[in-house]
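Taking it in order: structure first as structure tokens, then the write-up.
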Amino acid sequence: MEPKEKGARPGGRRGKKPRVFMTGPLPDRAMRRLRRAYDVAMHEGRLPISRRGLLSGLRDAEGLICFPFDSVDAAALDAAPRLRVISTYSVGFDHIDIERAGERGIVVGYTPEVLTEATADISVTLMLDLMRRVSEGDRLIRGGGWKGVFGATDYVGVDLRGKTLGILGLGRIGEAVARRAAAFGMNITYHNRHRLPARMERGLNARYVGFGRLLSGSDVISVHVPYSGATHHLFDSGVFARMKRTAYLVNTSRGKVVCEPDLVRALRTGVIAGAGLDVFESEPVGRLNPLVRLPNVVLAPHIGSSTIETRSEMADLTLRNLDLGLRGQRPVHSVCR
Ligand code: DGY
């Protein structure tokens, strides 16, 4: 990150720091390092930045640090004639027009790997919470509704042990979820576009099934596919109808993979048993969102990667990607199309 010698700034002219625009702040240590190396302009108001703010910030930027809730589409890229590097503080990059960035020769860095374990923890947390009804119980107590000591059939949940977990998208995060679920005694099945090598399947004790089988045979489905045109509203009424009525859906990938109105209907009418969600079609989720009133739902405010350790590693990687890109080198993790 630090320039090696005075005047040898990453890709900049002698004595001139490259201009970096940030759509929001990173943790303090990262901010200090950024400000030492770059001419930083940052959006400081409410997140996400407005469209106008983004376009104006991009006008003279050579580097951009952005977040998954920013829309860095073709028009935004066209408003950034000097842009050379985008470094997103996220593993997802569906908010960036990768094709257009490629055409323009703009390098795109992102932050996989460092958030794998934290995100898997949240998937399993949602699963446990749903199946053992922890948040529901918490709401009950806080609302003064816990009137008698527990009866034999009160607040009963279901065991994880012996249940079938269907992982849609067995990549890094899906794999980390599989390892955790195995420790709870769950049977692991998965569906991917491409089947994994037998050695990996054996290592994870994971069985490959078709998408239909994943839907009909799983007690819990955990979603780990990236968002794209192909996965937009992949989970809709038709798909919910193919799941077990006792099944749970856990989503920590992207909200738009699930058609939310269809999910609400499925949860209300008992087509599926419950859902644990860390991502939503529109974020932040307000009180008017019908999901908020459903008892069989556990909601988290997009905190998959949100631990001190993980966020700090993400910040380091975001800076490293930016730094390398501005030096004309390949980021540690770059998105290539
Ligand atoms: C990501 O990295 O894409 C997450 O959704 C945000 O932490």
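Every number for a ligand or one of its atoms is a count from 1 in the order of the listing.
- Within the structure, ring pair (Phe, Tyr, Trp, His ring centres under 6.0 Å) pairs that include any residue of residues 64-91 comprise Phe67-Phe69, Phe67-Tyr89 (at least two apart or interchain).
- With sequence neighbours excluded, the residues that form a side chain to side chain contact (heavy atoms under 4.5 Å, CB included) with Leu299 are Leu277, Phe280, Leu291, Val292, Val297.
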Report all N/O contacts between ligand 1 and the protein shorter than 3.5 Å as a table of atom names and distances to 0.1 Å; if there are none, say 'none'.
| residue | atom | partner | partner atom | Å |
| --- | --- | --- | --- | --- |
| ligand 1 | 2 (O) | Val91 | N | 2.7 |
| ligand 1 | 3 (O) | Val91 | N | 3.4 |
| ligand 1 | 3 (O) | Gly92 | N | 2.9 |
| ligand 1 | 3 (O) | Arg254 | NH2 | 2.7 |
| ligand 1 | 5 (O) | Arg254 | NH1 | 2.7 |
| ligand 1 | 5 (O) | His302 | NE2 | 2.7 |
| ligand 1 | 7 (O) | Ser305 | OG | 2.7 |

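- Glu62 has a carboxylate O that lies under 4.0 Å from a charged side-chain N of Arg82, or vice versa, which qualifies the two as a salt bridge.
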Show the numbers, then the answer: is there a salt bridge (charged side-chain N to carboxylate O under 4.0 Å, His left out) between Arg142 and Asp138? CA-CA 6 Å; Arg142 288 173 199 271; Asp138 181 89; 2.6 Å; yes
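- One side chain, Thr252 or Ser123, offers a donor N or O that lies under 3.5 Å from an acceptor on the other.
- Screening residues 256-281 for side chain to side chain donor-acceptor pair (under 3.5 Å) gives His233-Glu281, Ser237-Asp262, Glu260-Asn289, Asp262-Arg265 as the qualifying pairs, with residues at least two apart or on separate chains.
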